[in-house]
Protein chains: 2
Amino acid sequence: MKALFKTAGQAYKAHHALPPDAGTIADVNHDNVVKTISPDWVDGETKVMESPADHGQDLRLWLRLLTCSTLIESEIRRRLREQFDCTLPRFDLMAQLERAKAGMVLGELSKRMMVSPGNITALVERLVESGHVTRTVSPADRRVQIIALTSFGRAEFEKMATAHADWIAELFDVITARDGEILFDRLGKLKRSVVTALARD
Amino acid sequence: MKALFKTAGQAYKAHHALPPDAGTIADVNHDNVVKTISPDWVDGETKVMESPADHGQDLRLWLRLLTCSTLIESEIRRRLREQFDCTLPRFDLMAQLERAKAGMVLGELSKRMMVSPGNITALVERLVESGHVTRTVSPADRRVQIIALTSFGRAEFEKMATAHADWIAELFDVITARDGEILFDRLGKLKRSVVTALARD
DNA sequence: TATTGTTATACTCTATAACTATA
DNA sequence: TATAGTTATAGAGTATAACAATA
């Protein structure tokens, strides 16, 4: 039941987080107060089955899945911020626009990013200020706002996307093509399982 | 290159997000402005290889991994909030304390959660206010603060943990034991790959 | 009336750094 | 001097709801 969920994880980690092999087992003082790090801080993989709060294999799998995505995402987020002064939502929004050469309607951005229109408005506002995107009123329907990348925004995004791909290749270093295929396939099953379960509600 | 990253994803989704089978292909008006949803909004699995910004199999795998964890985490986050008025960091902090019967030093919490001490102080403060945890000065070293669950906090956490396990079982519905093992194993490899890569820096 | 976005607000989280108290 | 936390602050993201403009 440790490190169940995504938390901050980025900048602070660079300065304070433990190396992967830190510690031995959770040290406890004479009052049983936990003071030192246990070795399984990354996802508690060995301990979770022994915990009184154990709830089975699915939970272990979910913890490990979450650990992987959190580790990767935190690092990506940190590098985006340090190297490009960019946040994930900003990057995500630009990624949405990348293939929409003529732009995308604000409401569509909202749906794709699963973020409320009000918050997209604010995000777009900051990207307009920094010169990455434009906002235009649709001539066909004056309620709709068309958002598009500027050439500057497109160039910036391409730089980030290239770096991003390199980072991923670096992090996935030892995953073989075969393991990659297997993971891709099983994660596809998992995705369908989740989407189906969510659709039942 | 769509929906690369975790975004908001929780509350808004409940009201506005598309069902998993919405749409057909991205509709485009006479100006080529994207107005309607494409079917692969979940992770763009089919499209990413065709994209000019394609950067290979690792990237596809990463997108799918991120999609899975984001879908699950968003749903968990939403349910935690709606059913228990709890955020992920709060839950995570309590999860850390669950097996530390006599409490845990604040700095240790900070390291495990990869969140700065200052932000842990604020998080603990809110949990003290709501009666979930206590904060005590260590008699051995008056600089250190020992954080522990109250019996109320423990009871609340148990309720949440039980519900959480049920949610996960629901979402992982159609994953067989065998597929679960395979995923668990390969994700273990991936975790080691990432941890190794991060340690190289 | 319904839809598209905007504005407003309150809160949480993130990131950083200066600072205090204790060892 | 070094360590454990606290305080402060700025910015971004999250969640809701009321609202205006247009269809």
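Each chain gets a letter, A, B and so on, in the order the sequences are listed, and its residues count up from 1. Computed from a predicted structure; not experimentally measured.
No donor-acceptor pair under 3.5 Å is formed between the side chain of B:Ser193 and the backbone N or O of A:Ile175.
The shortest distance between the side-chain N/O atoms of A:Arg78 and the OP1/OP2 oxygens of C:dA15 is not below 4.0 Å. Taking only side-chain nitrogens and oxygens, A:Thr121 never comes nearer than 4.0 Å to OP1 or OP2 of C:dT7. The phosphate of C:dA15 has neither OP1 nor OP2 within less than 4.0 Å of any side-chain N or O from A:Arg77. Neither OP1 nor OP2 of D:dT3 sits under 4.0 Å from any side-chain N or O of B:Arg143. Distances shorter than 4.0 Å separate some side-chain N or O of B:Thr87 from OP1 or OP2 on C:dC13. Residue A:Arg135 places at least one side-chain N or O closer than 4.0 Å to OP1 or OP2 of C:dT6. Between B:Arg81 and D:dA15, a side-chain N or O to OP1/OP2 separation shorter than 4.0 Å is present.
Each of B:Asp141 and A:Gln145 has a nearest nucleotide on DNA chain C; the 5'-most of these lies closest to A:Gln145.
With 3.5 Å as the limit, one finds no donor-acceptor pair spanning the side chains of B:Ser138 and B:Arg143. A donor and an acceptor atom, one from each side chain of A:Ser130 and A:Arg90, are located under 3.5 Å apart.
Between B:Trp62 and A:Phe172, the ring planes are perpendicular. Angles over 60° get that label, and only those under 30° would be called parallel.
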